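This report concerns only the one structure given below.
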Amino acid sequence: MGEENHTPAEAAASPKSGPENRGSLHETLRDQVGQDIAAGRLAAGTIIKAEDLRARYDVSLSVVREVVRVLESLGMLQPIRRVGLVVLAMSEWMLLDPLVIRWRMTEAPARQLRSLTELRVAIEPEAAGLAAQHAPAESAEEIMGLAARMRASGRQGDVEAFLEADVAFHRAVLGAGGNELFAAFDTVIGEILAGRTGAGLMPKFPHPDALQWHFDVADAIGGQDAERAREAMAKIVAKADAEMGTVWADEPRHQGS
C-alpha cells in the first residue's frame, strides 16, 4: 500500500531496489529533456504537462517531478499553475552550469565551443597573472608538477592522461590567485577541455609549443612574474582558438541568423 506503480521502462531498467534504479532513471530523463530543450526540439514558449513528459519518456510522475525541479533550477522550465511547464528561452538558462554546457556541447558543439573558448581567452590570462602574484608556494609547485605530467603524457600520445593533467593544470591556475569567481570557473574549464577532446579536436600528440607554454606559465607563477604568466597563458588560449576556428567558421553569431 502506498507504493507507486512503475512504467515498463522503469521496471525493465533494473531488478534491484528503488533508489539505484530511480537515480539512473532520473539522470537519463534529465539528460533527455535537457538535450531536447538545448536542441530546440522543445522550443522556447512550448507548454507541456508533467503527464505529457511521463508518457513521452515512459517514466513515472515522481521521476518527472524530480527532473522538473532540476530543470527549473537551471532556468530551462517554469511551472505555471493551471497552465503547465513553460520552456524558457536560452537567455534564462544557467549557461555556465556544467549540465547545460554538456547538453549544448552534445547538441550544438560548434556554437558552444566558440562561446566557451572566447570566454577562456578573456579570463585565463588574467587568472594566470593573479596566480603569479598570489599563489602559495605549494600551489606553484603543484602547477609545475602538472605541466610536467602534461608533457610526459603528451609525448606518449596518452590522450586520456593528458586531458586529466590538462584539466587539473588549468583548474589549479584558476584557483591559485585567490579570486573565488575565477576558481568557480574551473568546472567550466573541465567541460570545455573534455568537450574538445570528445569532439576529436585534440591531436594525439600535442604541439611542442603548447607544452612549453604550459611550462612557461608554471615557471612564471613560481617566479611571481605576473606579466610573463599572462603572456604565456594568452598564447595557450589563442592557439586553442586558432586551432578550432574552422569548427565554427560558418556558425551564426545570433540565434535565428
Side-chain angles (χ1 to χ4, degrees), residues 22-124 126-127 171 174 179-196 198-199 237 241 244 247-248 250-257:
R22 192 182 185 81
S24 175
L25 284 165
H26 170 270
E27 291 173 7
T28 299
L29 178 60
R30 178 199 67 194
D31 290 344
Q32 287 177 332
V33 179
Q35 287 174 15
D36 281 348
I37 294 173
R41 290 187 290 271
L42 287 173
T46 300
I47 298 173
I48 52 180
K49 306 286 187 183
E51 175 58 34
D52 295 337
L53 288 176
R54 187 207 66 75
R56 176 172 180 164
Y57 297 103
D58 193 23
V59 294
S60 66
L61 280 172
S62 64
V63 171
V64 169
R65 285 193 290 268
E66 291 171 13
V67 167
V68 166
R69 280 195 289 270
V70 172
L71 295 173
E72 183 182 4
S73 73
L74 296 174
M76 301 180 91
L77 284 179
Q78 181 179 3
I80 298 179
R81 289 188 65 183
R82 293 190 291 276
V83 174
L85 304 166
V86 179
V87 178
L88 299 180
M90 187 189 295
S91 59
E92 303 296 325
W93 303 353
M94 302 289 288
L95 290 172
L96 293 180
D97 186 277
L99 283 173
V100 178
I101 289 172
R102 205 171 304 154
W103 296 332
R104 293 189 68 209
M105 195 78 78
T106 298
E107 299 297 335
R111 184 184 291 263
Q112 179 72 132
L113 278 170
R114 180 183 63 197
S115 297
L116 292 172
T117 300
E118 290 173 351
L119 195 57
R120 287 188 70 193
V121 170
I123 289 176
E124 288 202 77
E126 184 57 30
R171 284 179 168 174
L174 286 164
N179 182 306
E180 72 281 2
L181 297 181
F182 283 175
F185 190 63
D186 69 344
T187 55
V188 176
I189 288 293
E191 293 296 332
I192 297 169
L193 296 174
R196 181 184 177 190
V237 293
D241 187 28
M244 294 189 292
V247 173
W248 55 69
D250 299 323
E251 187 70 21
R253 278 273 163 188
H254 303 284
Q255 294 284 11
S257 59

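These numbers come from the heavy atoms of this one structure, side chains and all, not from hydrogens, waters or symmetry mates. Being a predicted model, the structure only gives us computed values, none of them experimental.
With rounding to the nearest 0.5 angstrom, the OG atom of Ser115 is 10.0 Å from the CD1 atom of Ile192. The line from CG of Leu193 to CD1 of Ile189 is 6.0 Å long, rounded to the nearest 0.5 Å. Atom CE of residue Met76 and atom CD1 of residue Ile37 lie 4.5 Å apart, to the nearest 0.5 angstrom. One distance of note links CG of Asp241 with CZ of Arg114; it measures 10.5 Å at 0.5 Å rounding.
Nearest heavy atom pair, residue Leu116 against residue Ile101, reads CD1-CG2, 3.8 Å. Between Ala127 and Leu174, the shortest heavy-atom contact is CB-CD2, 3.7 Å. In terms of heavy-atom proximity, Val68 sits nearest to Pro79 at CG1-CG, 4.3 Å. Considering all non-hydrogen atoms of both residues, Lys49 and Leu85 come closest at C-CD1, 4.4 Å. Taking all atoms of both residues into account, the shortest heavy-atom contact from Glu251 to Ala110 is OE1-CB, 3.9 Å.
Side chains of Leu77 and Val86 form no contact here, defined as non-hydrogen atoms less than 4.5 Å apart. Residues Thr28 and Tyr57 have side chains not in contact (no heavy-atom distance under 4.5 Å, counting atoms from C-beta outward). Between Glu124 and Phe182 there is no side-chain heavy-atom pair separated by less than 4.5 Å. Annotation: side chain of Trp248 is in contact with side chain of Thr117 (closest heavy-atom distance under 4.5 Å).
Every residue two or more places apart in sequence or in another chain was checked for a side chain to side chain donor-acceptor pair (under 3.5 Å) with Glu72, and none qualifies. Looking at residues two or more places apart in sequence or on another chain, you find a salt bridge (charged side-chain N to carboxylate O under 4.0 Å, His left out) between Glu118 and Arg253. With sequence neighbours left out, the side chain to side chain contact (heavy atoms under 4.5 Å, CB included) criterion links Arg30 to His26, Glu27, Val67, Val70, Leu99, Trp103. Here Leu181 pairs with Asn179 under the side chain to side chain contact (heavy atoms under 4.5 Å, CB included) rule; sequence neighbours left out. Annotation: side chain to side chain contact (heavy atoms under 4.5 Å, CB included) contacts of Thr106 (sequence neighbours excluded): Gln35. Qualifying side chain to side chain donor-acceptor pair (under 3.5 Å) partners for Gln112, counting only residues two or more places apart in sequence or in other chains: none. In this structure, the side chain to side chain contact (heavy atoms under 4.5 Å, CB included) partners of Leu95, at least two apart in sequence or on a different chain, are Met90, Trp93, Val100, Arg104. Partners of Gln32 under the side chain to side chain donor-acceptor pair (under 3.5 Å) rule, at least two apart in sequence or in another chain, do not exist in this structure.
Here the side chain of Thr46 pairs no donor or acceptor atom with the backbone of Leu42 at under 3.5 angstrom.
Look at Glu191 and Arg102 and you find a salt bridge, because one of the NZ, NE, NH1 or NH2 atoms lies within 4.0 Å of a carboxylate O, short of that distance.
Sorted by first and then second residue, the salt bridge (Lys or Arg N to Asp or Glu O under 4.0 Å) pairs involving residues 32-42 (not counting sequence neighbours) are Asp36-Arg41, Asp36-Arg56, Arg41-Glu107. Within the structure, salt bridge (Lys or Arg N to Asp or Glu O under 4.0 Å) contacts touching residues 75-93 (residues at least two apart or in different chains) do not occur.
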After noting the C-alpha distance and the side-chain angles of Arg120 and Val237, does the key distance pass the side-chain contact (heavy atoms from CB on, under 4.5 Å) rule?
CA-CA 7 Å; Arg120 287 188 70 193; Val237 293; 3.9 Å; yes

